[in-house]
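Notes follow once the structure below has been shown.
Atoms within each ligand, like the ligands themselves, are counted from 1 in listed order. None of the values given here were measured: they were computed from a predicted structure. Along the sequence shown, residues are numbered consecutively beginning with 1.
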Amino acid sequence: MGTQALDRAAGWLRASGATVCLTGAGISTESGIPDFRSRDGIWARFDPKDFDIRRWLGSEEVRRRYWAAAREGYRLVSGAAPSAGHGALARLDGAGRLSLLVTQNTDGLHQKAGHRPERIVELHGTSHVCVCASCGEKLPRPEVQARVEAGEEIPCCRRCGGALKPDAVFFGQPIHPGLLARAVEGAEAAEVFLVVGSSLSVRPAAALPERTLLRGGRLIIVNAGPTPLDSRAHAVLRGRAGEILPPLAEAALA
Ligand code: NAD
């Protein structure tokens, strides 16, 4: 990554009247949480079909496998500390330089880093809350985790007996329309759209930067691997978010 590209991108961030950031699993890999599609990502160990809502609801065996993996996954998530990348974005937010942060992540690390919750749209929900798939009852994930750690293989709702799942969007589940509308509105009003740690392969999140481009805004991509929008971006800063974002934020706030 050249410093010229970083300086140019920092200049756009500094001058922008409205900046939206979209983060993906890549910003949390430096916090020890694997992403989906990298070589040692989650799909290398688990079957994506087990995250399909119809299959999950239709099979006790799938739910048993899912919870065995989720028990392990939540130990990682609940113990994780925000990365330098999360910290840099929280600094930009604290200085009023980000109008909205849209995240595909469900790990809550932006909030842990000090980012203002009201400026965050968790497009795919959160891992820190569980919801009953039958009656909609919500309860804190740590409560469910404690039950799973104590030996419950498939935790069920104590009110109606329905299947409990994290309040995160599975494949085949719709995104909350209000959340999507807020993200789309932000993207359409953005002068600069900053993508961090996303392969831009999961829609509708992946389509958000295109809305900014269509309205004449600039696109900056900070990612370790290639994305389908690299050729249309104004700057592509290739590398680790934790190494690129701190100097980028510092230069943008100078
Ligand atoms: P993805 O796995 O498709 O892509 C991650 C991207 O991040 C890759 O292109 C990779 O090259 C890049 N990357 C990895 N480490 C990086 C680093 N240190 N710095 C910069 N880039 C890095 O993830 P996605 O685009 O977010 O989409 C997949 C789905 O994954 C989302 O729906 C999200 O809900 C879910 N997910 C979330 C978490 C989490 O909450 N932490 C973890 C895994 C998956």
Regarding ligand 1, does G225 bring an N or O atom to under 3.5 Å of one of the ligand's N or O atoms? yes

Do L13 and R97 have side-chain heavy atoms sitting under 4.5 Å apart? no

Margin query: Pairing donors with acceptors under 3.5 angstrom, does anything connect the side chains of T103 and T23?
Written below: yes

Counting heavy atoms under 4.0 Å, the part of D107 that contacts ligand 1 is both

Quick look: S28 vs ligand 1, heavy-atom contacts under 4.0 Å, and the answer is side chain

Note: heavy atom closest to atom 34 (O) of ligand 1, options Q104, E243, R238, E30, belongs to Q104

Note: ligand 1 atoms sitting under 4.0 Å from heavy atoms of N223 are 6 (C), 7 (O), 8 (C), 9 (O), 11 (O), 12 (C), 21 (N)

Give yes or no for whether the N/O distance cutoff of 3.5 Å, strictly under, is met between R240 and ligand 1. no

Under a 4.5 Å cut-off applied to non-hydrogen side-chain atoms, are W67 and E152 in contact?
-> no

Among G24, S31, S198, closest by heavy atom to atom 25 (O) of ligand 1 is S198

Can you check whether R211's main-chain N or O pairs, donor with acceptor, with E188's side chain at less than 3.5 Å? no

Can you find a pair of side-chain heavy atoms, one from H86 and one from H115, that are under 4.5 Å apart? no

- Message: Taking the side chain as everything from C-beta on, heavy atoms only, tell me whether D52 gets closer than 4.5 Å to V62.
- Response: no

Looking only at non-hydrogen atoms, the one of A206, G73, P34 nearest atom 42 (C) of ligand 1 is P34

One finds that the ligand 1 atoms under 4.0 Å from a non-hydrogen atom of G197 are 5 (C), 6 (C), 7 (O), 21 (N)

Requested in this report: Given side chain to side chain donor-acceptor pair (under 3.5 Å), test S28 with D107 step by step and report yes or no.
Outcome: CA-CA 8 Å; S28 294; D107 55 33; 2.6 Å; yes

At under 4.0 Å between heavy atoms, what of I33 touches ligand 1? The answer is side chain

Ligand 1 atoms nearer than 4.0 angstrom to some heavy atom of V202 are 27 (O), 28 (C)

Filtering S199, G85, A25 for the heavy atom nearest atom 6 (C) of ligand 1 leaves S199

Would you check if the side chain of D35 reaches a backbone N or O of G26 as a donor-acceptor pair within less than 3.5 Å? no

So is G239 in contact with ligand 1, going by heavy-atom distances below 4.0 Å? yes

Contact between R91 and E250 at the side-chain level, heavy atoms closer than 4.5 Å - yes or no? no

